Number of protein chains: 2
Amino acid sequence: MTERAAPSTIRDVANRAGVSTATVSRVLAGIGNPKAETVGAVMAAVEALDYRPSSVARSLRMKRTFTFGLVLTDIANPFFPELVKAADDAARQAGYSIVLSTSAYEEHRAVHYLNLMADRRVDGLIVASSQVAATSWEWLAHAPLPSVVVNVEPVGATTAVITSDNEGGMRLATEHLIALGHRRIAHVTGSFTFSAASVRLQGFRAACAAAGLDPDTMPVIDGDGQFGGGEAAARRLLAEFPDITGVVCYNDITAIGLLAGSRAIGRSVPADLSIIGCDDIAAAAWVSPALTTVAQQKGEMGRLAVEHLISLLDNPDQEQAASVLRLPMLLRIRETTGPAPAASRPR
Amino acid sequence: MTERAAPSTIRDVANRAGVSTATVSRVLAGIGNPKAETVGAVMAAVEALDYRPSSVARSLRMKRTFTFGLVLTDIANPFFPELVKAADDAARQAGYSIVLSTSAYEEHRAVHYLNLMADRRVDGLIVASSQVAATSWEWLAHAPLPSVVVNVEPVGATTAVITSDNEGGMRLATEHLIALGHRRIAHVTGSFTFSAASVRLQGFRAACAAAGLDPDTMPVIDGDGQFGGGEAAARRLLAEFPDITGVVCYNDITAIGLLAGSRAIGRSVPADLSIIGCDDIAAAAWVSPALTTVAQQKGEMGRLAVEHLISLLDNPDQEQAASVLRLPMLLRIRETTGPAPAASRPR
DNA sequence: ATGAAAGCGCTAACAA
DNA sequence: TTGTTAGCGCTTTCAT
């Protein structure tokens, strides 16, 4: 094989079966009442020629690609796999497929990738990010195709947003520590370019206040949402605030970094220090002690995003409203949280 | 906005600019020497109409999509992100984009997804898997498009394969332990449906033999390439072979499971037991102690796969030979390996 | 029940 | 330098 044979076309099939291309198209689509004889001839030709319809041609003609574009910031971010998988399943089940595109974290590239997907004429767009800037919202609002934004705080949102109850989730995490008797609790934030970072900080403070702990006296340390940020936080925290017995982290990766950093310094978890994360990525169950965390319903988000898109497509008259759906986060108690050390407990 | 406006076409632009569609096409492609005036008119119209060419139409006409399909078994497998990212970068740089598709692990679905990509008329296919069955090789050999298979032992290969030197990598891992004084070493295998599992076992045995350790006396425990398999192996290993001081694992996830399992049993790593993994996934650096491992050059694989595809496309006359490229694996010493405990060292 | 023909939006000869 | 035209492979009226 030196020259690769061109794929056979519907015309090849029609010729071989002695029918028109229209008939082939109908038979394959299961439309009308073709004679059994015709069906046989067509199928035989299809088989013989190994015919597979070009979805490029089909898309051009039907003005639909039966494809959704899923653009995400970073495929290496362990938050996404579960979301992608669920979206893929849901799409597939409805006769769509998903094409993935990674946007990196730069905003100008984001719009670039959105355009690329639109050029592909995908039928809808799912934007899964941790930060969506004004220009992107703008673009989405005027785009010639429907979209859903996932996993983002809806500041400036112009489309449907599906996200987690970040405030409530963090409250849940903080309350868990408080219930265990902790009174000196710190928070390691994410980068504030992530739209959820301030909301989660808010949740932390709210839970403290509700329990009668003055939030302003609780240390808040800047992290970056990465392993390194958590690791560094461990050093700062234990040097500057040695009385802290519990830490609520912006996300799991930060918590895992903090866990490693604490161990390096010689504090044992959870005996000396309790740590709780957020997201419930796969690695949370892999570290030891296994990380207690509040889980985002990642699969659910992906599934719902696809379903929303499909409903938007099915009712083209319905306006694409800027709605917000917040999924609750779920406490997953594992091994990094325990009772506050007796020594540091008041009374 | 109740009805979404249809995207404007090249004809709209031509009309508004008062030129023919051919001219618009040329101006946009930068072909010929259009008059500055014409260029201006066209660009103005493009701007005004917010025109973006349909890549669907372009693909149909040019019989090229400038897209590569990347089929991988499981997007949740932490082995892939780095590979995908590198492939994406390389493709982008050459004017291609990558569409991703997850095949799950079932072989019949794999062929299904290969067909789907072919229907999309992608220009080439990258199959990144840990197992490629005969039917897939068959399909690839007769497919109307070029392909590269990545990260697989080339048993039955019909196309170019880019993979790691699995045998050499495992030898490297084992030699590292031997150099640290370990003499009683075990191996936890992967599932043997992964094509690399037996080759890695082979490398383990070869290194033992080369160092004068009888491979037949070294425990080999069945794993599954998952966390659970490693965890279970810890229990079996320490119950049945308590004299073992070092373990070479099929992959990092297994090693991380083994690490967690060992700790649960009360063996301390690396003081009592040294553990080495394989792959170098992100989480290897996150666990503590951080996992020593041999790294696969995942990014390099992705980059090379794309480059090979492009060269195949540029020289369409060149036969798609079944070649094999093996990248060396790299030892990454971290914290889970150390000197063999003195007690168990002979002499 | 089937065929003829038009056309989706684009590019590439070929003419002018 | 630009326009005219044909056609990529498919679906879908409209006839028959």
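As the structure is a computational prediction, the values presented were derived from the model and not from experiment. Just so it is clear: chains get the letters A, B, ... in the order the sequence lines come, proteins before strands, and each one is counted from 1. Values below: all heavy atoms of this structure, side chains included; hydrogens, waters and symmetry mates excluded.
None of V99(B), T65(B), V56(B) except one satisfies the side chain to side chain contact (heavy atoms under 4.5 Å, CB included) rule with R120(A); the exception is V99(B). The side chain to side chain contact (heavy atoms under 4.5 Å, CB included) test with T73(A) is passed by exactly one of F194(A), F80(A), F79(A): F80(A).
Between dG7(C) and K63(A), no contact under 4.0 Å exists linking OP1 or OP2 to a side-chain N or O.
Rounded to 10 degrees, the angle between the two end axes of the helix from dA1(C)-dT16(D) to dA16(C)-dT1(D) is 40°, with five pairs used at each end.
Although no hydrogens or angles enter the test, the distance criterion places no donor-acceptor pair under 3.5 Å between the side chain of N115(B) and the main chain of H112(B).
When all heavy atoms of P144(B) and A5(A) are compared, the closest pair comes out as CB-O, 3.8 Å. S164(A) approaches Q297(A) most closely through the heavy-atom pair OG-N, 4.4 Å. Counting all heavy atoms, side chain and backbone alike, D123(B) lies closest to L145(B) at O-CB, 4.3 Å.
Between chain B and DNA chain D, the heavy-atom contact criterion of under 4.0 Å yields a 5' to 3' nucleotide range of dT1(D) to dG9(D).
Summarising the geometry, the separation between CZ on R121(A) and C1' on dC10(C) is reported as 11 Å, rounded to the nearest angstrom. As rounded to whole Å, 17 Å separates atom P of dA6(C) from atom CG of L60(A). Rounded to whole Å, atom C1' of dT11(C) lies 4 Å from atom CZ of R61(B).
Partners of Y96(B) by ring pair (Phe, Tyr, Trp, His ring centres under 6.0 Å), not counting sequence neighbours, listed by chain and number: F66(B), F68(B).
Sparse packing is recorded around CZ of R11(B), with 12 or fewer heavy atoms of other residues, nucleotides or ligands lying under 6.0 Å away.
V127(A) places none of its side-chain heavy atoms less than 4.5 Å from the side chain of W139(A). Using a 4.5 Å heavy-atom cutoff, the side chains of S136(A) and L114(A) are in contact. Residues I10(A) and L28(A) form no side-chain contact, since every pair of their non-hydrogen atoms from C-beta on lies 4.5 Å or further apart.
Of the residues in residues 43-56 of chain B, none lies under 4.0 Å from DNA chain D by heavy-atom distance. Near-neighbour residues of DNA chain D inside residues 14-40 of chain B, defined by a heavy atom below 4.0 Å, number-ordered: G18(B), V19(B), S20(B), A22(B), T23(B), R26(B), N33(B), P34(B), K35(B), T38(B).
A salt bridge is defined here as a Lys NZ or Arg NE, NH1 or NH2 lying under 4.0 Å from an Asp or Glu carboxylate O, and K85(B) with D89(B) fails to meet this definition.
The side-chain hydrogen bond (donor to acceptor under 3.5 Å, both in side chains) analysis of residues 47-60 of chain B, with sequence neighbours excluded, yields the pairs D119(A)-R52(B).
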